[in-house]
Amino acid sequence: MGNQFFQKEKRNMGKYHFNEIEAKWQKFWAENQTFKAENQSKKPKYYVLDMFPYPSGAGLHVGHPLGYIASDIYARYKRHQGFNVLHPQGYDSFGLPAEQYAIQTGQHPAKTTEENIARYREQLDKIGFSFDWSREVRTSNPEYYKWTQWIFLQLFESWYDKNADKARSIEELRGIFSSEGNVHINAVADEGVEHFTASDWLGFSEIKKQEILLKYRLTYLAETEVNWCPQLGTVLANDEIVNGVSERGGYPVVRKKMKQWSMRITAYAQRLLDGLDTIDWPQPLKDSQTNWIGRSKGATVEFKIQNSEFKIPVFTTRPDTIFGVSFMVLAPEHDLVSKITTSEQKEAVENYIEATAKRSERERMADVKSITGVFTGAYAEHPFTKEPLPIWIGDYVLAGYGTGAVMSVPCGDQRDYDFAKHFNLPIPNIFSPLVPEGGINENENLIETEAFSEKTGFVLKNSDFLNGLNYSEATEKIIAALEEKGVGKGKINYRLRDAVFSRQRYWGEPFPIYYKDGMPHAIPTECLPLRLPEVEKYLPTEEGEPPLGRATKWHWDENKNEVVSVPEGEKPPSGVWGLELNTMPGWAGSSWYFFRYMEDEKRDEVFASKEALDYWKNVDLYIGGSEHATGHLLYSRFWVKFMHDRGLVPVDEPFKKLINQGMILGESAFVYRMNSKITISEIPDVKKFAQMGDEWARETRKLIVKTIQLKNDKILIPLQFFKFDEFKKWKRSKGFSEDEIKKLTEKDLEKERINSFKHLIPKEDIHYFDLNNFSISYSAQAIHTNVSFVNSSNELDINSFKNESSEFKDAEVIGINGKYIVGREVEKMSKSKYNVVNPDDICEQYGADTLRMYEMFLGPLEQAKPWNTAGITGVQGFLKKLWKLYHSASPALSEGGELEFYVSEDSASKDSLKVLHKTIKKVQEDIENFSFNTSVSSFMIAVNELTAQNCNSREVLKPLTILISPYTPHIAEELWEKLGHNESISTAPFPKFEEKFLVESSKEYPISFNGKMRFTLELPLGISKEEIESAVMAHEKTAQYLEGRKPKKVIIVPGKIVNIVG
RNA sequence: GCUCGAGUGGCGGAAUUGGUAGACGCGCUGGAUUCAAAAUCCAGUUCUUUCGGGAGUGUGGGUUCGAUUCCCACCUCGAGUACCA
C-alpha cells in the first residue's frame, strides 16, 4: 500500500499544479511591482481602464471579472508590443448600499466599505490581473474627494460664454459686468435674468451680486422640480430612475420642488453631441447618448393672449404647419395658467390641476392613452391670421420640455389630433397629398382618421403665403417671416436637462460650501478637503434635513478658516456660518477618476500634474457595461470638456475607445414543491359543463368530495413529473418508441406521479387515488435552489440540499431511481436566485488561468451569455495538454516514467513552424479586434496539432509561451522560467508573424456543381485556369455528377473554388 | 409605439472582401486502460435516407455561377427609450 502511494506521488512531480504555480507568480508580481507604470518613459504610452467598480457586500461573481480579464489581456498584449501600459484599478466607494446598511446596523459606512474593498481585492488578486495597485484610488478617501470638491469649486467659479463656446472664470464675468453690465453678454444662464448696466452692477449690494452670479455659475443653486424618493429619503437624477421607480431598491418616485445644486450640463449639449463623432464607441451607446440629449430643430413662436399683457412662447419642430393651429395647450404646472384663467373656468381648472398633481409620474407614464384636459376660458391670437385660439391645459404637455406649452396642430400631430377629437375642437387641414405622377391631389383628405405627421409627400394648402410649398421650403420661409415680424425665431431645443447634483444622504462628498446671508460661498481651496463629519445616526433629522444636519460640528468660521461647532439653539457668532447639508451624488467622484490614476507622486499637490496629464492624455481603451450610457459616461464627458475649457486637462474627451462587455448570466436551478393538500372531486360531466357557461366554476366546487392532507407537508416532485415535455423525454430515455410516446397523455403522467407519493397518503384515503373514479387536483410550484447542490448532469445532491437549507430539512424528495433532476433556466446572476458562481471557487478548483481563458472562450465579449461551469473542463484539459507539450516522460508514462520539463534545441519541422505562424497571425488579429473567444480556439488547435506532430522544439515553444501569456499569465511565467529566463515574461517582445512559413504549394480545391460542394481535389497552386479546368473535367467524379450533361459554364477562382454549372 | 442589436446542431459558439456551413469546446454514444473509479487516450456525433443520395443557417421572396454573409418584406427574442411638441 505504502509503495503504491509513493509511486503515485512520484508520478505527479511533473504535473501541472496550477494552485502552486499561480500563488507563486502572484507573489512574484506583487513583490517585484512588475506592472508598475512609469510616468517617464521612452516607450509609447497606452492606457487601459476598467469601469470603476462599486465594492458591494456580495463580492464578485464570475460575471464581474469578464471585462477585467479582457482589458488585462489587452494590457498584457500591449506590454509585449513594447508599450508603457497604465492599467490601474480602484473603487467608487461612496454610495447608497453602504449607507442603507449603516442605517440598518448602525455601522459606519466607512467600516463596511473598507471590509468590502478588502474582500474585492482578495478576489481580484486571485485572478492574476496586471493592475498597477500603487495608483489605487477610492472616492471616499479624503485625499481623493479633496479634489472632487476642488473641481466642484472650479465649476462654481465658472460660467459658459456662448460666443467663445467655452467655460470661463467668474472673475472675468465680474469684469464684464463692471464694464458693460450684462446687456451684451451671451451666456448660458437661468431663465429671466434681469438686465443691468455697469453702473447698476457697481451699485448692487454684495448679496445682490452673488444672487446674480449664481444664475450664471456652471454649478448653481436653484429651486427645481426634482425626483424625490421618499423611501430612500433623497432626490434622484433622471438616469437613476427606471420605469418610474428608483434604480436601486425599486421605490416610487414623486415630483417635488426643492432647492438643489444643479450642473449646467445643458450648456454642453451640442458639444457632447458633436464629440461623439470623434470617439470610437459602440454605435448603440452613441445612439442612446444622442437620444438622451435629444436635439430637435425648429422655432420658437410667441402667441399673444387676447385682452392680456401676457404672451405664450412655444417651441415647435414644425413651424411650417403654423396655419394648421386651432388651439393652444399649456402644461398644468405652467406659470401662466393661474394668470389667464377666466373666472367661469377657474374652478374646473383648479380641480384639474389638483387631480393631475396627485398622479405620480409612474401613473402618468402608465396611463398615456387617456386624454384629459380643461379649457382656461382664455384665447390666444394667431400671429398671422389673428384668429382667436382657445387656450387649454392638458397633461400631455410636459412642463419640463421646451416652454411647457404647445401650439396644437391637430392635422399634423397625433396627440393634438386625439386631443381635438376628444374635446371636439376643430381640425383644419393644411395638407395636399402629392400623387406619384408628380401632381397634387386636392381632393383626397389625408387626415380623416389620424394626423398626417410625415415630412414628405405633401404640399401645404390653406396656409396663406406658404401655400404650395413643401416642408423644407415652408420651414425656411416661415422662420424668416417670424423673425421679420419679431414673433419668433429658429431654435434648437434639447431634451437634456441640467443635472441635479444634491443628494440628501450621508455617504458622499460634502459640498465645500457655507451659507452667508442665505447666499452660497465657497470655502477657500487651500482648506480642502472638507471632511465628512461624524453623525450619530445616518437618517434625516426630525425637521427633515439631510443626515449632515445631525452633525454637531458643522459650521464654517470665516476668520479662522476652519470647521467649528455651534451649540444647538445658539446663534452662531459673527463670521461663523452653517455649512451645506447635502452631499454630492455618486457620479461626482467617478467623473474624473481616470485623471487621478495618471498621477503617482504629486497627489498631495494637484489632482494630477501637468506632466502626467500631458503624457497619458486620455484613456485609450475603456471596458465596461452599457448600463452607464446616460449616467457616468455622459457626466464624465461633460466634466472633461469643462476641465478642458478651463485649461485643467489637455484633452476634451475622456475615453477614446470604449467596449461594452456583455453580461454573464446564471443558470438557475429549480426544485418543484407540491402542495400537500390534495383535492378529490367527482369526475365532471364534460358535456354538461360545456353548456353551462359562466356557472361552471361554482358547479365544480360542488363536486369536491374531500381534501386530503398528505403525511409530509414538504414534498418535492421531480422535473419529469412537473412538466409533460420532460415526462415524455424521460419515457423516451427509458426506451419507449415514438409511437408509444405519442400516445402518452397527462393522465399517464398523473398516474406515475400519484404512484411516486403513494407512501405519503393516509391509509384510509388511499381508495380516492383512482383516476378512473375521481378527479385529483393539486398545485406545484418551482422554487429556486442553490446551484451548488446540483452537479453537471442536473442531479440534486439530496443530502446537502436537506442539510444546508433549513426549510427543507424534513422534506420528502421524490426522486427517480434515487436521483432528483432539477429544472434549469437562464437568468441574471444574483444572490436571490441562488445561481451565483464565485470566481474564488473556480480558481481553487480549476485555476485562475483556466477561469480567465474559459471566460473568454464563452463567446464574444459584447454578448450576453450563460455561465455553465461544466464546460470549463475543456479549457482545463487544454492547459494540461499545453503543459505536456513542454514535458516528456522517459521511459513512457505508461511504463512508470515521470514527466519532466523537456524542450529540444533542434530546429522545428516545417509543419510546426506553419502551425506557430498561423497561430501568431490569428491571435494577433483577434486581440486587435477584441475577438478573444476565437483566439482561444486557435490556441487549442495549435496545441492539438503540435502534440500530434510531437513538436518539442524551443524554436516553436518559446514564442508560443509569449503568445499565450496575456490569456494565461501564470502558466506562461512558469514555462518561461523553465525555458531558462530570470525575468518576467510580461515584457518579452511579441512573436513576429512571418508570411513565408504559410506559403503553400498546392490547394485542396472544393469542386461544386451548381453551387453545391461535391468533392475536393488537390491541385498545385501555380497552374492556370485552363489547366485547373482540364484537371477537374478529367476527374472521374466530375463525369459522375454531370450524368452525361454538358456543363454550361465552369467558374474557376484560382486558389479558392471551382464551380461547374450545368 | 420608436431606436438599436440578435436569430446557425442537444448546448456555448466558428465561418477574411459572397467561395468546402457547423471550426473549437461542452454534452452524448461506443471502445481502450483500470479490481473499480477518477484521470487519460481513440472513434463517432446537423437532420433525413431505400445508404445512391436528399434537405439544411428564424420565415417568404430577390440579386448571383455561388448567399449564414448583399437587397426587400415578415416573424420571434433581447436591450434602450417612452406623451419631447
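We name chains A, B, ... by the order of the sequence lines, and we start the count at 1 in each one.
Between A/F423 and A/F327, the distance from one ring center to the other does not fall under 6.0 angstrom.
If you take CG of A/N291 and P of B/G80, they are 13 Å apart, rounded to a whole angstrom. Atoms NZ (A/K881) and C1' (B/C24) sit 10 Å apart, rounded to a whole Å. Between the P atom of B/C83 and the CZ atom of A/F419 lies a distance of 16 Å, rounded to the nearest Å. A/D926 places its CG atom 17 Å from the P atom of B/G13, with the value rounded to the nearest Å. As a whole-Å value, the separation of A/Y417 OH from B/C83 C1' is 18 Å. Atom CD in A/E827 sits roughly 13 Å away from atom P in B/G78 (whole-Å rounding). B/C24 atom C1' lies 13 Å from atom OH of A/Y854, rounded to whole Å. In this structure, A/M407 places its CE atom 15 Å from C1' of B/C84, rounding to the nearest Å.
B/G52 shows a glycosidic angle within 90° of 0 and is accordingly assigned syn. Anti is the classification of B/G30, since its glycosidic angle lies more than 90° from 0.
Ring pair A/H632/A/H628 is perpendicular by interplanar angle, where above 60° counts as perpendicular and below 30° as parallel. Below 30°, between 30° and 60°, or above 60°: for A/F930 and A/F932 the angle between ring planes is above 60°, a perpendicular geometry. Using bins of under 30°, 30° to 60° and over 60° for the plane-to-plane angle, the ring pair A/H917/A/F993 lands in the tilted bin.
Picking from B/C83, B/A23, B/U3 the nucleotide with the shortest atom distance to the side chain of A/R415 gives B/C83. In this structure, of B/A85, B/U81, B/G25, it is B/U81 that holds the atom nearest to the side chain of A/R495. Set against B/U40, B/A85, B/C24, the side chain of A/T316 has B/A85 as its closest nucleotide. The nucleotide whose nearest atom lies closest to any side-chain atom of A/Y401 is, among B/G25, B/G27, B/C84, B/C84. Considering only side-chain atoms of A/P866, the nucleotide from B/G12, B/C24, B/A85 that sits closest is B/G12. Listed nucleotides: B/U40, B/C26, B/G25. Nearest to the side chain of A/T873: B/C26. Comparing B/G25, B/C4, B/G12 against the side chain of A/K865 picks out B/G12 as the nearest.
Remark: A/Q863 engages no residue in a side-chain hydrogen bond (donor to acceptor under 3.5 Å, both in side chains) (not counting sequence neighbours).
For A/N929 (side chain) and A/E925 (main-chain N/O), a donor-acceptor pair under 3.5 Å exists by modelled atom type.
None of A/L276, A/L658, A/T290 except one satisfies the side chain to side chain contact (heavy atoms under 4.5 Å, CB included) rule with A/L285; the exception is A/L658. For the side-chain hydrogen bond (donor to acceptor under 3.5 Å, both in side chains) with A/D418, the lone residue among A/H422, A/Q414, A/R415 that qualifies is A/Q414.
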Under 3.5 Å, N/O pairs linking protein and nucleotides 46-57 of chain B:
{"unit_1": "B/G54", "atom_1": "OP2", "unit_2": "A/R1014", "atom_2": "NH1", "d": "3.0"}

What protein N or O atoms touch nucleotides 14-20 of chain B N or O atoms at under 3.5 angstrom, if any, and at what distances?
{"unit_1": "B/A14", "atom_1": "OP1", "unit_2": "A/N933", "atom_2": "ND2", "d": "3.0"}
{"unit_1": "B/U17", "atom_1": "O4", "unit_2": "A/K1056", "atom_2": "NZ", "d": "2.5"}

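In the model, A/Y494 has no side-chain atom that pairs as donor or acceptor with a side-chain atom of A/T266 under 3.5 Å. Residues A/S1008 and A/N1059 bring no donor and acceptor atom of their side chains to less than 3.5 Å of each other. Side chain to side chain, A/T1016 and A/E1004 meet the donor-acceptor criterion of an N or O pair below 3.5 Å.
At the heavy-atom level, A/T290 lies nowhere under 4.0 Å from the strands shown. Note on A/N493: nothing from the nucleic acid sits closer than 4.0 angstrom, heavy atoms only.
Partner assigned to B/G5 is B/C77, using Watson-Crick or G-U wobble distances below 3.5 angstrom. Searching all strands for a Watson-Crick or G-U wobble partner of B/C41 with both distances below 3.5 Å returns B/G31. In this structure B/U20 sits in no base pair that meets the Watson-Crick or G-U test at under 3.5 Å. The partner of B/A15 cannot be assigned: no Watson-Crick or G-U wobble pair with both contacts below 3.5 Å exists in any strand. Pairing partner, B/U64: none, since no Watson-Crick or wobble contact has both distances short of 3.5 Å. Nucleotide B/A85: unpaired (no Watson-Crick or G-U wobble partner with both distances less than 3.5 Å). Pair check for B/U50 finds none; no Watson-Crick or G-U wobble contact set falls under 3.5 Å.
For the P atom pair drawn from B/G9 and B/G5, the interatomic distance equals 23 Å after rounding to whole Å.
Between A/R318 and A/V875, it is A/V875 whose nearest contact on RNA chain B lies nearer the 5' terminus.
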